[in-house]
K.L.:
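If you scroll down you'll find the structure; I have some questions about it.
Every value quoted in this text rests on a predicted model; they were computed, and no experiment measured them. Chain letters run A, B, ... following the sequence lines, proteins first, then strands; residues in each count from 1.
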2 protein chains.
Amino acid sequence: MNSQNIFENALKQNHISLTKPRQAVFDALQHHKSLSMAELVSACSDVDRASVYRTTDTFEKLGIIMRIPTGWKYRLELGEAFHEHHHHATCSSCGASIALPEDPALERRLQDLAHRRNFTLTSHQIELTGLCETCQ
Amino acid sequence: MNSQNIFENALKQNHISLTKPRQAVFDALQHHKSLSMAELVSACSDVDRASVYRTTDTFEKLGIIMRIPTGWKYRLELGEAFHEHHHHATCSSCGASIALPEDPALERRLQDLAHRRNFTLTSHQIELTGLCETCQ
DNA sequence: TGTTTTTTGCAAATGTGTCGCAATTTTTGC
DNA sequence: GCAAAAATTGCGACACATTTGCAAAAAACA
């Protein structure tokens with residue numbers, strides 16, 4: 001089951017048709033891994049800006065993509081079904097974004113934390129800020 | 001050492017003068033704890049919008065304030081020197097934001113994670129999303 | 001106090017996200 | 001496969017958010 005199949009199934013199961021703009025948005029994110037909205041718009045060269053926005057909205061509702069807060073903007077990435085769960089470290093000097101591997105112990109700890117406050121956790125984001133190897 | 005002193009020292013150490021607009025921004029955040037940019041602007045009634053933006057930028061660089069991502073917007077709060085470190089859980093149904101107590105084990109885990117990638121951690125944000133007690 | 005540097009307010013420019021609507025594309029029922 | 005119905009798109013136009021240039025005001029300095 002490759003990414004394209006997962007993608008097509010997600011759409012089919014929600015009675016949403018696979019159109020050129022939607023494929024373009026998916027392709028851009030699959031290829032570039034992580035994009036700002038502006039980057040995504042220009043990566044989908046012949047898709048209208050409004051359609052990119054509408055597409056990201058529907059994709060997010062379906063879990064096909066995620067919005068990753070970085071600093072105070074956000075970036076877009078394919079959802080968890082398309083790659084392992086991970087977090088990001090952003091270098092405050094050069095702006096590089098480093099993907100961090102999943103840490104099961106960490107995830108458990110978060111579940112605990114939420115549970116203690118009677119909060120039902122559906123998702124979470126962790127954002128580290130600091131200096132990358134080359135900038136420090 | 002109260003908040004005002006910490007604030008004044010942070011400015012002094014960076015050769016930045018304490019002006020009316022800057023004090024207004026600081027006061028608003030100290031009083032309201034957590035504000036959106038729009039709220040902050042209207043809370044600083046006779047400070048120009050552009051100055052609020054410029055002030056939040058410089059304050060953020062000095063660590064006087066932090067941007068807290070909530071969903072995909074953000075809110076502004078005083079930095080870590082001004083209150084205990086904590087994180088937020090946002091209810092996806094009613095939008096409530098619940099402050100979570102610090103968890104030292106969690107913080108250690110993050111340090112580890114960053115260290116393993118030769119990343120020098122200066123700060124971090126954790127954002128939980130799910131359902132609060134009343135909404136679930 | 002007079003001079004230099006920093007900061008501010010204002011106005012204009014740019015960026016980001018949303019909306020209505022007519023045209024196009026896709027789906028559906030035959 | 002074809003016509004009607006439904007979904008989706010592109011194209012403005014809009015509202016709001018953020019940044020910028022610049023002259024005036026305030027603060028720092030000597």
K.L.:
Quickly work out the B:L11 CG to C:dT6 P distance and round it to whole Å.
P.N.:
15 Å

K.L.:
At 4.0 Å (heavy atoms only), tell me whether B:R54 reaches a base, stays on the sugar-phosphate, or touches nothing.
P.N.:
base

K.L.:
Report the distance from atom NZ of A:K20 to atom P of C:dT26, rounded to the nearest whole Å.
P.N.:
6 Å

K.L.:
Look at A:R108 together with A:D103 and state whether they make a salt bridge at an N to O cut-off of under 4.0 Å.
P.N.:
no

K.L.:
Starting at the 5' end of DNA chain C, which residue's closest nucleotide do you reach first, B:A50 or B:S17?
P.N.:
B:S17

K.L.:
Mind calculating the distance between CZ (B:F59) and C1' (C:dT7) to the nearest angstrom?
P.N.:
12 Å

K.L.:
Could you tell me whether the phosphate oxygens of C:dG9, OP1 or OP2, come under 4.0 Å of any side-chain nitrogen or oxygen in B:S51?
P.N.:
yes

K.L.:
Side chain of A:D57: nearest nucleotide among C:dT18, C:dG9, D:dT9?
P.N.:
C:dT18

K.L.:
Can you work out whether B:T19 or B:R49 has the more 5'-proximal nearest nucleotide on DNA chain D?
P.N.:
B:R49

K.L.:
Sort out the partner of C:dC30 for me: Watson-Crick or G-U wobble, both distances under 3.5 Å, none otherwise.
P.N.:
D:dG1

K.L.:
Nearest whole angstrom, please: distance from the C1' of C:dT8 to the CD1 of B:I16.
P.N.:
15 Å

K.L.:
Quickly work out the A:D46 CG to C:dT24 P distance and round it to whole Å.
P.N.:
17 Å

K.L.:
Could you check B:H15 against B:M37 and say which one's nearest nucleotide on DNA chain D is further toward the 5' end?
P.N.:
B:M37

K.L.:
Can you tell me the distance, in whole Å, between the OH atom of B:Y74 and the C1' atom of C:dG17?
P.N.:
15 Å

K.L.:
Atom NZ of A:K73 and atom P of C:dT14: how far apart are they, to the nearest Å?
P.N.:
16 Å

K.L.:
Could you check whether B:Y74 and A:Y74 have their ring centres less than 6.0 Å apart?
P.N.:
no

K.L.:
Give a yes/no answer on whether the side chain of A:Y53 brings an N or O atom under 4.0 Å of OP1 or OP2 in C:dG17.
P.N.:
yes

K.L.:
Hydrophobic clustering (ILVMFWY, side-chain heavy atoms < 4.5 Å, transitive) - are B:L40 and B:L62 grouped together?
P.N.:
yes

K.L.:
Considering residues, nucleotides and ligands other than A:H83, do more than 12 of their heavy atoms fall under 6.0 Å from its NE2?
P.N.:
yes

K.L.:
Can you tell me the distance, in whole Å, between the CD atom of B:Q23 and the P atom of D:dA26?
P.N.:
17 Å

K.L.:
I need the A:L35 CG to A:K33 NZ distance, nearest 0.5 Å.
P.N.:
11.0 Å

